[in-house]
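Here's the structure we're looking at; comments come further down.
The chains referred to below are lettered A, B, ... by the order of the sequence lines, with proteins before strands, and numbering in each begins at 1.
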Protein chains: 2
Amino acid sequence: MCAAYLQVSIVYNQYIMIKEFLEKNEDLTACPVRDIMDRVSDKWSLLILVVLDEYGTLRFHQISNLLSAISQKVLTSTLKTLEADGLIARQVYPEVPPRVEYSITAIGSSLIPAVKALTDWAEVHMPAIKASRAAFKKR
Amino acid sequence: MCAAYLQVSIVYNQYIMIKEFLEKNEDLTACPVRDIMDRVSDKWSLLILVVLDEYGTLRFHQISNLLSAISQKVLTSTLKTLEADGLIARQVYPEVPPRVEYSITAIGSSLIPAVKALTDWAEVHMPAIKASRAAFKKR
DNA sequence: CGGAATCCTTGCCGATACTG
DNA sequence: CAGTATCGGCAAGGATTCCG
């Protein structure tokens with residue numbers, strides 16, 4: 001049972017979970033890391049947060065234009081999950097034709113600096129990683 | 001052409017790319033963020049880095065035992081890409097039966113604190129996110 | 001205008017069997 | 001022991017069409 005718990009813990013909670021579990025057998029059922037990782041690392045969520053952070057408030061088709069490679073379906077679903085998580089706000093104006101405006105929330109914009117640590121690391125180390133990949137390939 | 005370039009830029013480079021592009025039309029062909037995001041956020045890479053960081057050096061089946069939910073095939077391929085990126089080192093001892101030891105590299109362990117910023121954010125904000133999800137659901 | 005509904009492709013991941 | 005080889009499931013993402 002303990003083994004099963006460890007296993008589940010590791011799978012679903014990644015970084016914090018395993019560090020703490022390896023030190024002491026704590027109850028870590030609410031560890032959120034994997035969850036957030038999934039959100040941050042899907043194809044478009046972070047990018048939408050960034051454009052909203054940059055531009056302030058945007059309408060649906062404005063985001064669509066800025067990220068012209070995204071399909072409407074994916075944009076819709078991504079916006080919906082971001083809204084559900086409270087990272088962006090959705091304002092509907094009951095007009096004809098309809099108008100919907102999206103903006104980043106306080107919690108959403110607080111995520112951006114956290115991501116910045118990772119992007120900074122990536123900028124610094126990417127040359128080494130590319131070199132390593134090239135060397136590995138021709139082996 | 002500029003539009004196409006913007007599009008490609010945004011798709012492949014996420015955070016830094018778009019921020020810089022929105023400010024000035026720079027050449028940002030080597031922006032690595034998306035790439036690193038993919039690596040960090042796949043199902044097992046980060047976890048392997050963490051156990052190697054915790055335990056020092058481990059053999060193949062030791063990692064397999066620690067992360068008992070991972071299949072051999074996936075463990076093999078994940079280790080291979082981590083090695084190709086230079087984030088872990090692979091040492092083969094020409095014995096019978098064979099012995100292979102994995103350890104984290106300096107660059108690999110430097111990634112962990114960067115991820116920590118994200119995991120810290122997740123720990124702090126997950127309660128609010130969970131509450132937001134629950135409220136969104138019953139709407 | 002801002003979606004919803006549908007169908008389809010792709011790629012990650014897992015299970016199983018086999019090997020130097 | 002430390003892998004390789006093969007098959008297959010499943011969910012994310014994309015293309016297209018339709019709607020209030």
Nearest 0.5 Å, please: how far is [atom2] in [Y] from [atom1] in [X]?
X: B/I70; Y: B/W44; atom1: CD1; atom2: CH2; result: 5.0 Å
X: B/L66; Y: B/E54; atom1: CG; atom2: CD; result: 10.5 Å
X: A/L58; Y: A/I48; atom1: CG; atom2: CD1; result: 10.5 Å
X: B/L49; Y: B/L87; atom1: CG; atom2: CG; result: 6.0 Å
X: A/T57; Y: A/I104; atom1: OG1; atom2: CD1; result: 10.5 Å
X: B/T81; Y: A/R133; atom1: OG1; atom2: CZ; result: 8.5 Å

Self-check item: In one Ile/Leu/Val/Met/Phe/Trp/Tyr side-chain cluster, 4.5 Å: B/L79, B/V92
Solution: yes

Practice problem: May I have all residue pairs that pass ring pair (Phe, Tyr, Trp, His ring centres under 6.0 Å) and include part of residues 114-139 of chain B, sequence neighbours excluded? | Solution: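 Counting only pairs at least two positions apart or across chains, the ring pair (Phe, Tyr, Trp, His ring centres under 6.0 Å) contacts touching residues 114-139 of chain B are B/W121-B/H125.
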
Practice problem: Anything under 4.0 Å to a heavy atom of chain A counts; send over the first and last such nucleotide of DNA chain D, read 5' to 3'. | Solution: D/dG13 to D/dG20

Self-check item: Residues touching DNA chain C, which here means a heavy atom under 4.0 Å, drawn from residues 70-81 of chain A
Solution: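 Listed by number, they are A/Q72, A/K73, A/T76, A/K80.
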
Self-check item: Those residues of residues 92-102 of chain A lying under 4.0 Å from DNA chain D by at least one heavy atom
Solution: A/P98

Self-check item: Test side chain to side chain contact (heavy atoms under 4.5 Å, CB included) applied to A/S77 - qualifying residues, sequence neighbours left out
Solution: none

Exercise. For B/S132, check side chain to side chain contact (heavy atoms under 4.5 Å, CB included) against everything at least two apart and list the hits.
Key: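 So B/S132 forms no side chain to side chain contact (heavy atoms under 4.5 Å, CB included) with any residue.
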
Quiz prompt | Boundaries of the chain B footprint along DNA chain C (any atom under 4.0 Å from a heavy atom) | solution =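 Result: C/dC13 to C/dG20.
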
Self-check item: Bending between helix ends of the helix from C/dC1-D/dG20 to C/dG20-D/dC1 [5 pairs per end, 10° resolution]
Solution: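 Taking the rotation axis at each end, their angle is 40°.
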
Self-check item: Residue pair A/D53 / A/S109: nearest heavy atoms and the distance that separates them
Solution: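 Heavy atoms only, the tightest pair is OD1-CB, 3.8 Å.
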
Self-check item: Contacts of A/R59 that satisfy salt bridge (Lys or Arg N to Asp or Glu O under 4.0 Å) - sequence neighbours left out
Solution: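 Scan of A/R59 (salt bridge (Lys or Arg N to Asp or Glu O under 4.0 Å), adjacent residues dropped) gives none.
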
Quiz prompt | Pairs meeting criterion side-chain hydrogen bond (donor to acceptor under 3.5 Å, both in side chains) with involvement of residues 90-103 of chain A, two or more places apart | solution = A/R90-A/Y102, A/Y93-A/E101, A/E95-A/R99, A/R99-A/E101

Quiz item: Quick one: do B/R139 and A/E83 make a salt bridge, cutoff under 4.0 Å?
Solution: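 Between A/E83 and B/R139 there is a salt bridge, with a charged N closer than 4.0 Å to a carboxylate O.
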
Exercise. Would you mind reporting whether B/D85 and B/L82 have side-chain heavy atoms less than 4.5 Å apart?
Key: no

